[in-house]
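Comments concern the structure below.
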Amino acid sequence: VSNAQRRQRVLETHPAEVQALLVTTPANVRYLTGFTGSNGQLLLGEESTFFTDGRYDEQSTKQVPDVAREIYSGTTKFSELLAKSLADRGITRLGVEAAHMTLATSDRLRGELSGIELVPTSALVEKVRERKDADEVATIRAAQRLAEQALLTSLANFKGGTELDLALDIEWAARKEGAEGMSFETIVAGGAHAALPHASPRKEPIDLSGLLLIDMGTKVDGYCSDMTRTFLGPNPPAEMVKVHAAVCEAVEAAFAVIRPGVACKDVDAAARSVLEREGYGDRFIHSTGHGVGLEIHEGPTLAPSAEGVLEVGNIVTVEPGVYLPGIGGVRVEDFCVVTEDGYDNLTALDRGPDFPS
Ligand code: ZN
Ligand code: ZN
């Protein structure tokens, strides 16, 4: 799907009360234009204009060849160029992305764009982004292959060290193998530290005979991957063999219901009911999954309160976890793309609990 087709899809969904949409969320700007720089704005309408500053003049010439461009600098402000574009098109009601625009920016624009009404909009581009095309799926699959290889390589070469050492080894291996970066700060947590769902790696030695939780993702062409594995050595903390089996069963229960049309909250319920039955319902303290794409957390969300249904092209994680404070925690996370007849799991690595050999 071309960037022009993506822009057309958003135009088809944007509400009638706005005449054009000012896209400022970096991932949305990238999705609709291909621009990878840190500062760009898209005025999306029947005619669109891309704005950036002088640093990105040359880069945007190459990356955004099919949209009119306006470059601002020390002497011309973004708001002046925007005001002119709006006036040229007779636009007086401009949609803005409320989730991204700060109150300060909104106040400033209201002052600088006289006669223009700013209308808050919500998730118009994000909703279109939830349905990945074949190229996006292939890119995310490639990112996941790379993440798995980085994890296997760094575990195989690990001669002992701290959680932070192993986290850095994983990130080094991923970059060496071609990742442009990590999707988020790699989580490496041993033993009782794994009872924190978002543990930061510590300068504490890893005990490979116990429990080790690793949550990691790599980025390729701007797209994220996401995977969690919890490995158990010969002497895991109390109960964790049973907990690991229950979590894996919860993963399978969620996958068993994933297909187009199923309510997102029903996927969560499928995983949650297994852990409730095993007596760990109150120790599963987060939602079952989230969408993955240009951002590590995007829609749809698989949670008890989630609205909406799964659609073909959604990429969602399945990541139930059980956390026993002072003892340890187990989370197992795969992710999949929703297909016409169910799903295609993008994660290939064995779920354990044994360390990969
Ligand atoms: Zn994760
Ligand atoms: Zn995740």
Side-chain angles (χ1 to χ4, degrees), residues 1-12 14 20-86 88-89 91 94-97 100-101 105 109 124-126 128-146 174-183 217-225 292-296 298 313 315:
V1 177
S2 69
N3 294 332
Q5 287 169 306
R6 290 172 172 182
R7 294 194 293 272
Q8 192 54 40
R9 281 186 191 171
V10 176
L11 282 174
E12 284 161 8
H14 91 48
L21 178 66
L22 180 63
V23 182
T24 53
T25 307
N28 289 346
V29 172
R30 178 174 185 155
Y31 181 76
L32 296 175
T33 66
F35 178 69
T36 61
S38 65
N39 180 44
Q41 297 79 28
L42 178 70
L43 175 62
L44 178 67
E46 291 310 325
E47 276 179 273
S48 294
T49 305
F50 174 78
F51 303 86
T52 187
D53 66 76
R55 294 173 301 163
Y56 291 118
D57 191 353
E58 186 177 348
Q59 178 177 333
S60 62
T61 310
K62 299 193 177 84
Q63 290 185 327
V64 194
D66 59 341
V67 180
R69 284 181 321 123
E70 295 277 8
I71 309 295
Y72 46 93
S73 62
T75 50
T76 49
K77 289 201 296 191
F78 165 60
S79 56
E80 292 168 13
L81 296 175
L82 176 61
K84 185 169 180 307
S85 291
L86 296 172
D88 288 349
R89 283 155 217 189
I91 290 166
L94 177 65
V96 295
E97 296 186 295
H100 182 259
M101 183 165 286
T105 302
L109 280 183
L124 295 177
V125 185
E126 286 84 347
V128 174
R129 276 172 45 199
E130 287 182 10
R131 296 189 65 161
K132 274 72 180 175
D133 65 31
D135 287 343
E136 293 178 292
V137 174
T139 302
I140 291 170
R141 196 189 300 270
Q144 175 58 18
R145 289 292 83 73
L146 223 150
R175 293 297 297 271
K176 278 288 202 183
E177 284 161 19
E180 67 185 25
M182 307 307 287
S183 310
T218 54
K219 267 191 187 178
V220 169
D221 290 341
Y223 284 87
C224 299
S225 69
V292 176
L294 286 169
E295 293 176 290
I296 183 61
E298 49 182 65
I315 289 188

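Computation of the quantities below employed the complete heavy-atom set of this structure, encompassing side-chain atoms and omitting hydrogens, waters and symmetry-equivalent molecules. It should be emphasised that the depicted structure is a prediction, and the values quoted were computed from it without experimental measurement.
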Residues that [X] engages under side-chain contact (heavy atoms from CB on, under 4.5 Å), provided they are two or more places apart:
X	result
D135	D133
N39	Q41, D53, R55, Y56, Y72
A138	none
K84	D88

**Request:** Identify, with sequence neighbours excluded, every residue that meets ring pair (Phe, Tyr, Trp, His ring centres under 6.0 Å) alongside F51.
**Result:**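 Ring pair (Phe, Tyr, Trp, His ring centres under 6.0 Å) list for F51, sorted by chain: F78.
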With sequence neighbours left out, what residues match [X] under salt bridge (charged side-chain N to carboxylate O under 4.0 Å, His left out)?
X	result
R145	E148
R7	D66
E295	R129

To the nearest 0.5 Å, tell me how far [X] [atom1] sits from [Y] [atom2].
X	Y	atom1	atom2	answer
I315	E298	CD1	CD	8.5 Å
E97	T24	CD	OG1	4.5 Å
T25	E126	OG1	CD	5.5 Å
I71	F50	CD1	CZ	7.0 Å
L44	T33	CG	OG1	10.5 Å
L109	L82	CG	CG	7.0 Å

**Request:** Carefully, step by step, assess Q59 and T36 under the rule side chain to side chain donor-acceptor pair (under 3.5 Å).
**Result:** CA-CA 9 Å; Q59 178 177 333; T36 61; 3.1 Å; yes
**Heavy-atom side-chain proximity of R141 to V137 below 4.5 angstrom** =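 R141 reaches V137 side chain to side chain.
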**Prompt:** Does V23 reach the side chain of Y31, with side-chain heavy atoms less than 4.5 Å apart?
**Reply:**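 SC-SC contact between V23 and Y31 ruled out.
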Qualifying residues under side chain to side chain donor-acceptor pair (under 3.5 Å), relative to [X], sequence neighbours excluded:
X	answer
D221	none
E46	none
R131	none
T139	none

Heavy-atom pair of closest approach, residues [X] and [Y]:
X	Y	answer
A20	G45	CB-CA, 4.4 Å
S60	T52	OG-CG2, 3.8 Å
E80	T75	OE1-O, 4.3 Å
C224	K219	SG-CE, 3.7 Å
Q63	G37	OE1-N, 4.4 Å
Q5	S2	OE1-N, 2.7 Å

**Criterion side chain to side chain contact (heavy atoms under 4.5 Å, CB included) on R69 and T61, from CA distance to verdict** = CA-CA 8 Å; R69 284 181 321 123; T61 310; 3.3 Å; yes
**Asked** Run the side chain to side chain contact (heavy atoms under 4.5 Å, CB included) check on L22 and M101 step by step: do they pass?
**Response** CA-CA 10 Å; L22 180 63; M101 183 165 286; 4.3 Å; yes
**Request:** Check each of L32, L43, L42, N3 against V67 using the side chain to side chain contact (heavy atoms under 4.5 Å, CB included) test, and report the only one that passes.
**Result:**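 Among the candidates, only L42 passes.
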**Asked** Counting distance only, does the side-chain N/O of S225 pair as donor-acceptor with the main-chain N or O of T218 below 3.5 Å?
**Response**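 Looks like yes, one N/O pair under 3.5 Å.
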**Prompt:** Going through the distances and angles, do L21 and V125 end up as a side chain to side chain contact (heavy atoms under 4.5 Å, CB included)?
**Reply:** CA-CA 10 Å; L21 178 66; V125 185; 4.2 Å; yes
